[in-house]
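In this text the structure is predicted, and so the values were computed from the model without any measurement.
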2 protein chains.
Amino acid sequence: MARRITLKDVSARAGVSTYTVSQALAGKAGVSDETREMVIRTADEMGYVTNVLAANLKGQTSSTVGVMTASGRNQYYSMLVQGIDGVLQQYGLHAVTNDAMRGGVYNAELERESVSALLQQRVALIVATYSLGESSLRAIREWDIPLVFVDSLPPAAAEPCPFVGCDNRLAGELVAEHLAGLGHRNAVFLGFPADWNTRLPREAGFRDAASRLGMSVTTVESENTAEGAYAAMRGHLAEVGSGSFDAIYASNTPLLHGVLRALRDEGLSVPESVSVVGFDEFEWAELLSPSVTVVDQHIEQIGREAGRLIAEIVTEGREVTEHLAIRPDLIIRQSTAPRH
Amino acid sequence: MARRITLKDVSARAGVSTYTVSQALAGKAGVSDETREMVIRTADEMGYVTNVLAANLKGQTSSTVGVMTASGRNQYYSMLVQGIDGVLQQYGLHAVTNDAMRGGVYNAELERESVSALLQQRVALIVATYSLGESSLRAIREWDIPLVFVDSLPPAAAEPCPFVGCDNRLAGELVAEHLAGLGHRNAVFLGFPADWNTRLPREAGFRDAASRLGMSVTTVESENTAEGAYAAMRGHLAEVGSGSFDAIYASNTPLLHGVLRALRDEGLSVPESVSVVGFDEFEWAELLSPSVTVVDQHIEQIGREAGRLIAEIVTEGREVTEHLAIRPDLIIRQSTAPRH
DNA sequence: CTGAAAGCGCTTACAG
DNA sequence: CTGAAAGCGCTTACAG
């Protein structure tokens, strides 16, 4: 690697102290306009580029934000991270993403390593998009690193803690109202494991509104994968038969995928035999036959809001604990229809 | 922020020099096993975590890799980056991703800013997943930072330069052979703009094999979005009518999406009126009606191979210029059928 | 096998 | 408004 131009080099060429160069380049006060301009010109000519590692080390600051994900095969996470990242770029920050899944399965060991890597990098803040393990939470708290939960609500142990995400209860209510309004009486809630803490509010909102509207709800438990949902749904059908329910709320996109395959393979037509609603809008929802009714949680918006909040905390050192719930909308398509 | 435990603190408590601590913790020779063990124990007790910023600064090394993407709305990129990232994690490296698209459109200014941010961070290597602009290429070369192209072939100006990606020519050949084998005679190649340099080989392989097999190929130009493809396809149909071709090769997933919508809205049935092939496997391909025949370029494998190559270059300083072409496979489904 | 010391490239009190 | 100097937390020749 060729030797790099340093601030010292610029200071020598410009004939001013390193202090002056540092202040001028950082756009801080304490330098005359004339000098500042001259310094900037010299630095440009020399092709000087600040070494942020050194700046961060000395300044005891950091411009990197760590993001913990547990993505599995859910494309949803990547859209979320993209949204956050886009905003951070505008603030001169950048995100380092670490995933806690190995081979589609949550791996506590991997999570510990990831958090440790983030500590080693002295990240300015950590974003959690799922329920972090106890020891991770403890380490982050011990190190006094700001923590923001996005999508996933903070566990009690992490409160008070800022949060940005969908109003999952409301989402469930919207779905229940829509299904009940179509005359459905017996719904299935297909849920992923409750260690994902979006599960509970997503189910509760649905159940509460359903019971208010006189619609019964049966919960079917599934692994958090399309394959798991496929198996769970076929198992349920084998057990109770297809006549026992007239609607299904699949609580995320992989589960929706599994359900649709299971129904197809059982020869059950949607929406004639059963109405189906998914959670999360996705690009193919409208092209499937039938097109699929879904809850749109406005994931890009969640990402952007989270990015803004993070930037505020990091650059202004603001203490924030607010919970920001984004209002979801129902996108009604052909997979839900009046009960025959 | 609470004061952090430093290496000096550990050295004081352990009663040995900082040199000894550094060597012991880094797992290097030059320390007796006894001392090493004692040092590690002390560091653990004190909750010491290396500051990699400082280590990198002093050691003139870096554990971060920059990834440049131009994702637009193609989910494909996020799978690629995930694949790379997963491998890098295992080597103690991490990726910082910067996107050059703003509002779905390529933004040269944003690219320059992104590359500059990567230089400021003194990244160990840069991964390009699309044709970087001239000035970015020049800056990277000037700074003598290793560059690896993934998915997208290096432009002539960047050679010699390592590459990992799909054998796009072969992909085109497989598609042409499949379609010609079904009796199709007049194919449409739906292409995204040629500044994405995967376009040319993807088209050339298709054309060459088609002409060898007596199948004509008409190229339809499209923006690199589903909406663009929809408009392009409807425009083409308005111009030449649906009788002029019997098969379509959509050269990526957003384009496939646009084509399928256009055909549906024109009332043309697949595969009865026209066979359709997409590029890139995606989770919904099998659930669409009809299910869609696609080229699977094995994107996770490309990501993994790239990750391995990158880790080798960064950690071992190997000079690499090899081009690694991954063999694609055709996944035949119901959207392609013998010509009537 | 171990120590004392220099230095990576910055920022920032402290003096003028 | 500007300078000389200390120091962020590490690694690594150089000497013993």
request  = Identify, residue by residue, the members of residues 7-16 of chain B with a heavy atom below 4.0 Å from DNA chain C, and return them in order of residue number, or none.
outcome  = B:Gly15, B:Val16
Please pick, from [options], the nucleotide with the shortest atom-to-atom distance to any side-chain atom of [X].
X	options	value
A:Lys58	C:dT2, C:dT11, D:dC1	C:dT11
B:Tyr19	D:dG3, C:dT12, C:dT2	C:dT2
B:Thr6	C:dT2, D:dT2, D:dC10	D:dC10
B:Ala55	D:dT2, D:dT11, C:dG9	D:dT11

ask   = Should D:dA13 form a Watson-Crick or G-U wobble pair with both distances under 3.5 Å, which nucleotide is its partner?
value = none
note = Taking a pair to mean Watson-Crick or G-U wobble geometry with both distances below 3.5 Å, C:dA4 pairs with none
Rounding to a whole Å, what distance do you find between [X]:[atom1] and [N]:[atom2]?
X	N	atom1	atom2	answer
A:Leu53	D:dC8	CG	P	17 Å
B:Asn51	C:dC10	CG	C1'	14 Å
B:Lys28	C:dT2	NZ	P	16 Å
A:Leu57	C:dC10	CG	C1'	8 Å
A:Arg36	D:dT2	CZ	C1'	13 Å
A:Asn56	D:dG9	CG	C1'	13 Å

For the residue pair [X] and [Y], confirm or rule out a side-chain donor-acceptor distance under 3.5 Å.
X	Y	answer
B:Thr129	B:Asp151	no
A:Glu111	A:Tyr130	yes
B:Asn197	B:Ser152	yes

query = Does B:Asp44 CG have over 12 foreign heavy atoms under 6.0 Å away?
reply = yes
key: B:Leu324 vs B:Leu309, side-chain contact (heavy atoms from CB on, under 4.5 Å): CA-CA, chis, key distance, verdict   = CA-CA 10 Å; B:Leu324 192 59; B:Leu309 189 70; over 6 Å; no
A:Ile302 CD1 to A:Ile84 CD1 distance, which is reported to the nearest 0.5 Å = 10.0 Å
inquiry  = Counting the atoms with a prime plus P, OP1 and OP2 as sugar-phosphate, which does A:Thr35 contact under 4.0 Å by heavy atoms, base, sugar-phosphate, or nothing?
reply    = sugar-phosphate
